[in-house]
K.L.:
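The structure that follows is given in the form of structure tokens.
In the text below, chain A, chain B and the rest are named by the order of the sequence lines, each starting its count at 1.
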Number of protein chains: 2
Amino acid sequence: MAPLPTAYDVATRAGVSQSAVSRAFTPGASIAPATRQRIEKAAAELGYRPNNIARSLITRQSRIIGVVAGYLENQFYPQLVQALSHAFQMEGYRLLLFTNPPGGGDPVVEDMLNYRVDAVILASVMLSSHFAEECRAAGIPVLLLNRKTDSPTVSSVTGDNDGGARAIANYLLAMGHRRFGYVAGLESSSTSRDREAAYRAVLEPQGMEVVRAVGHYDFAGAKMATRALLASGQAPDAIFYANDHMAMAGLEVARFEFGLAPGRDLSIVGFDNVAAAAWSSFDLTTYSQPIDRMVPVVVRATLEQMASPQAEPVRAVVEGGLIVRSSSRGPSLRG
Amino acid sequence: MAPLPTAYDVATRAGVSQSAVSRAFTPGASIAPATRQRIEKAAAELGYRPNNIARSLITRQSRIIGVVAGYLENQFYPQLVQALSHAFQMEGYRLLLFTNPPGGGDPVVEDMLNYRVDAVILASVMLSSHFAEECRAAGIPVLLLNRKTDSPTVSSVTGDNDGGARAIANYLLAMGHRRFGYVAGLESSSTSRDREAAYRAVLEPQGMEVVRAVGHYDFAGAKMATRALLASGQAPDAIFYANDHMAMAGLEVARFEFGLAPGRDLSIVGFDNVAAAAWSSFDLTTYSQPIDRMVPVVVRATLEQMASPQAEPVRAVVEGGLIVRSSSRGPSLRG
DNA sequence: CTGAAAGCGCTAACAG
DNA sequence: CTGTTAGCGCTTTCAG
């Protein structure tokens, strides 16, 4: 295996110094057009490409962002990762992807600190306080996506859990529902807790009770939760799920196992507005988390934190909107 | 910002040489247990972590694998990426993720060569021959997932497109169908072409005609393709889609726009067996591409190619199986 | 088993 | 604008 050509090889061939080669490949550097041409020619002939590893070692910037994502079977996250990937590529950053290991440990996640990633983005995964501390010590900004934390050094970008859940509750009330259900994601999830709290904050003062079950952010789990809710003596006729992924599972259980017609016999509402929510099979009422609006916020916050690590952490909430579809009782069916 | 501690700092504090520190963090290295302990203690106190960038520079191994994936809205790919991520993490590799840019250019993809990735995995994206050549020159193994190529230096792992499409064709024939449709992914996709060819290879010798349309591997595109097929004078009563993602779109069009009952009025068949294919709303007949069996093959092939770059490229075909569900006419409904 | 020395390929002052 | 000079933080001979 012939070793890859280095800047030194290019320099020799072009009859310039090695630093000239470096300059030729550095966007802002001052170099004569003629010199650059000679270098580019030599580089092309040799098949030279700058070694980003060596560059990172000295600039102390990897231009790599570590992303940890879980729940990739929930369409929301792949969409998010894809959008992040594009957006960061535009800014000259690449993503080092870690998926939430089934074992759940973060030893493997810590590994990304060894790569000196410039920032860490955690998409809906637990942040161990230990890991947060390590990142702070290493001066690496941490950004939580779709989850919050108590840690004061960590930024977060979330959808409007509070406003969204309230909008849903008010809408369901207005449609005449009186028996409400909630299917939580995980008890440990701030997102699920926030949505439930806001939902209850609207309903309970009106004297409404909310029955609940836990779906573990999982399709099968949400089906079981739905069965538990619908089989009970006082089954709810309006169920709000902590996300669309679970709501689709619930809709299937209601329709195919209980023979109920969503939108007539009961209302089913999700959260996220994933692509599949708009498919005819579901036509799911939901509150959107607009990825195209969230991603620029994430990118800006990340760049900002990288530029000045001691800046105040960002706590952004991106508003969505209630999207009424036929899985819920519509105005025309009121009463 | 205090700079991160280096191996040298740890050495000073532990009263050893810097190389001793290196050895303490190198699995196989020969070092006295007592020395290692002292070093580990000093490292912990300082919050030291080895710099993988510096290590990579000298070992000439990044232990990073570049992955390019597209079509993340098709559930198959996130599932695949997730499985790859886990499997490679077990082997001590991380994934640098590139998503297929909307613009489609590979300049950004070439960027990953600058990171000296140890291998490149292309999941259902076009391989430009230029890029393949660059990788070969750089000695970086390239592995195509779910796509083939003519390039003799490139390995590939695919599902059993030929066997699967034949199984589907034979099954549909046996169920008494006589008017067949095919919805292609992209004309340029080897996978779509292979599936179509095998499907026709079974049907045409039996005197069957196959009408076709192109769905561009896209949900909306597949809906349009389906409309075109079903609205034509001699509409097919059995349609095979190049993948499940498009088949689900087709099923929705048939059911909600044409009022047809899949499994009775027509048969709809996909390919992949994604999780959603098993959902009650679709209950889609399909031929599986078993991710849990494909991934180990991919990992093994990648490790092999990295170990000996001049080894023969791997061309693996992973068998799946026909999964009959209610979206197609079953034996009991024959005739 | 341990330390000294020599770089990996590149960027970043600093002169010229 | 260009070349020279130092390293970035680590692994790896090579002696001892």
K.L.:
Once side-chain hydrogen bond (donor to acceptor under 3.5 Å, both in side chains) is applied, do any residues pair with B/Y77, and if so which ones, sequence neighbours excluded?
P.N.:
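In terms of side-chain hydrogen bond (donor to acceptor under 3.5 Å, both in side chains), with neighbours along the sequence ignored, B/Y77 is linked to B/S124, B/N146.
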
K.L.:
Provide the closest heavy-atom pair for A/P309 versus A/G139 in the form atom of the first, atom of the second, distance.
P.N.:
CB-O, 4.3 Å

K.L.:
To 10°, what angle do the rotation axes through the five end pairs on each side of the helix from C/dC1-D/dG16 to C/dG16-D/dC1 form?
P.N.:
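Between the axes fitted at each end of the helix from C/dC1-D/dG16 to C/dG16-D/dC1 lies an angle of 30°.
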
K.L.:
Looking at B/E133, I want to see if its CD is surrounded by more than 12 non-hydrogen atoms of other residues, nucleotides or ligands under 6.0 Å.
P.N.:
yes

K.L.:
Just to be sure I understand the rule, does A/T59 reach a base, reach only the sugar-phosphate, or reach nothing, if contact means heavy atoms closer than 4.0 Å?
P.N.:
sugar-phosphate

K.L.:
Could you give all pairs that pass the ring pair (Phe, Tyr, Trp, His ring centres under 6.0 Å) test and reach residues 24-51 of chain B, with sequence neighbours left out?
P.N.:
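Sorted result for residues 24-51 of chain B: B/F25-B/Y48.
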
K.L.:
Give the residues of residues 35-47 of chain B touching DNA chain C, defined as any heavy atom closer than 4.0 Å, sorted by residue number.
P.N.:
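Here the set is B/T35.
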
K.L.:
In whole Å, I'd like the distance from the CZ atom of B/F25 to the P atom of D/dT11.
P.N.:
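In whole Å, D/dT11 P lies 10 Å from B/F25 CZ.
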
K.L.:
Specify the closest pair of heavy atoms between B/A43 and B/V10, including all atoms of both residues, with the distance to one decimal.
P.N.:
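Closest approach of B/A43 to B/V10, heavy atoms only: N-CG1, 3.9 Å.
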
K.L.:
With sequence neighbours excluded, tell me which residues meet salt bridge (charged side-chain N to carboxylate O under 4.0 Å, His left out) with B/E40.
P.N.:
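Scan of B/E40 (salt bridge (charged side-chain N to carboxylate O under 4.0 Å, His left out), adjacent residues dropped) gives B/R36.
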
K.L.:
Using the side-chain hydrogen bond (donor to acceptor under 3.5 Å, both in side chains) criterion, which residues pair with B/T26? Sequence neighbours excluded.
P.N.:
none

K.L.:
Using whole Å, what does the distance between atom C1' of nucleotide D/dC10 and atom CD1 of B/I58 come to?
P.N.:
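Nearest whole value for this atom pair: 6 Å.
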
K.L.:
Whole-Å distance between D/dC10 P and B/R63 CZ?
P.N.:
18 Å

K.L.:
Which heavy atom in B/L95 sits nearest to a heavy atom in B/S85, and how many Å separate them?
P.N.:
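Scanning both residues completely, I find the closest heavy atoms to be CD1-CA, 3.5 Å.
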
K.L.:
Who passes side-chain hydrogen bond (donor to acceptor under 3.5 Å, both in side chains) against A/Q37, sequence neighbours left out?
P.N.:
none

K.L.:
Between the protein and nucleotides 13-16 of chain D, which nitrogen or oxygen pairs come in under 3.5 angstrom?
P.N.:
none

K.L.:
Looking across every strand, which nucleic acid part, if any, lies under 4.0 Å from B/V21 by heavy atom: base, sugar-phosphate, or nothing?
P.N.:
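Answer is nothing: B/V21 stays at 4.0 Å or more from every strand.
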
K.L.:
Return the set of residues passing salt bridge (charged side-chain N to carboxylate O under 4.0 Å, His left out) with B/D218 (not counting sequence neighbours), or none when no residue passes.
P.N.:
none

K.L.:
With heavy atoms of chain A within less than 4.0 Å as the criterion, where does contact along DNA chain C begin and end?
P.N.:
C/dG9 to C/dA13

K.L.:
Let me know the distance between CZ of B/R60 and P of D/dC10, rounded to the nearest Å.
P.N.:
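Distance check: B/R60 CZ to D/dC10 P gives 18 Å.
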
K.L.:
Decide whether A/Q18 and A/S22 meet the rule of one side-chain donor and one side-chain acceptor closer than 3.5 Å.
P.N.:
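Judged by distance alone, the side chains do not pair up.
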
K.L.:
Per the salt bridge (Lys or Arg N to Asp or Glu O under 4.0 Å) rule, what does the pair list look like for residues 140-155 of chain A, sequence neighbours excluded?
P.N.:
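Only A/K148-A/D194 qualify under salt bridge (Lys or Arg N to Asp or Glu O under 4.0 Å).
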
K.L.:
In whole Å, what is the span from the OH atom of B/Y48 to the C1' atom of D/dC10?
P.N.:
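Those two atoms, OH and C1', are 7 Å apart.
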
K.L.:
Start at the 5' end of DNA chain C and walk down; is the nucleotide closest to B/S17 or to A/N51 reached first?
P.N.:
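Result: B/S17.
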
K.L.:
D/dG7, D/dT11, D/dG3: which one has an atom nearest the side-chain heavy atoms of A/A20?
P.N.:
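Looking only at heavy atoms from C-beta outward on A/A20, the closest nucleotide is D/dG3.
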
K.L.:
Please name all residues satisfying side-chain hydrogen bond (donor to acceptor under 3.5 Å, both in side chains) with A/R13, sequence neighbours left out, ordered by chain then number.
P.N.:
A/E45

K.L.:
Could you walk me through whether A/D118 and A/R63 pass the salt bridge (Lys or Arg N to Asp or Glu O under 4.0 Å) check?
P.N.:
CA-CA 6 Å; A/D118 292 339; A/R63 298 198 77 85; 6.0 Å; no

K.L.:
When we call it a touch if two heavy atoms are under 4.0 Å apart, what does B/T6 touch: a base, just sugar-phosphate, or nothing?
P.N.:
sugar-phosphate

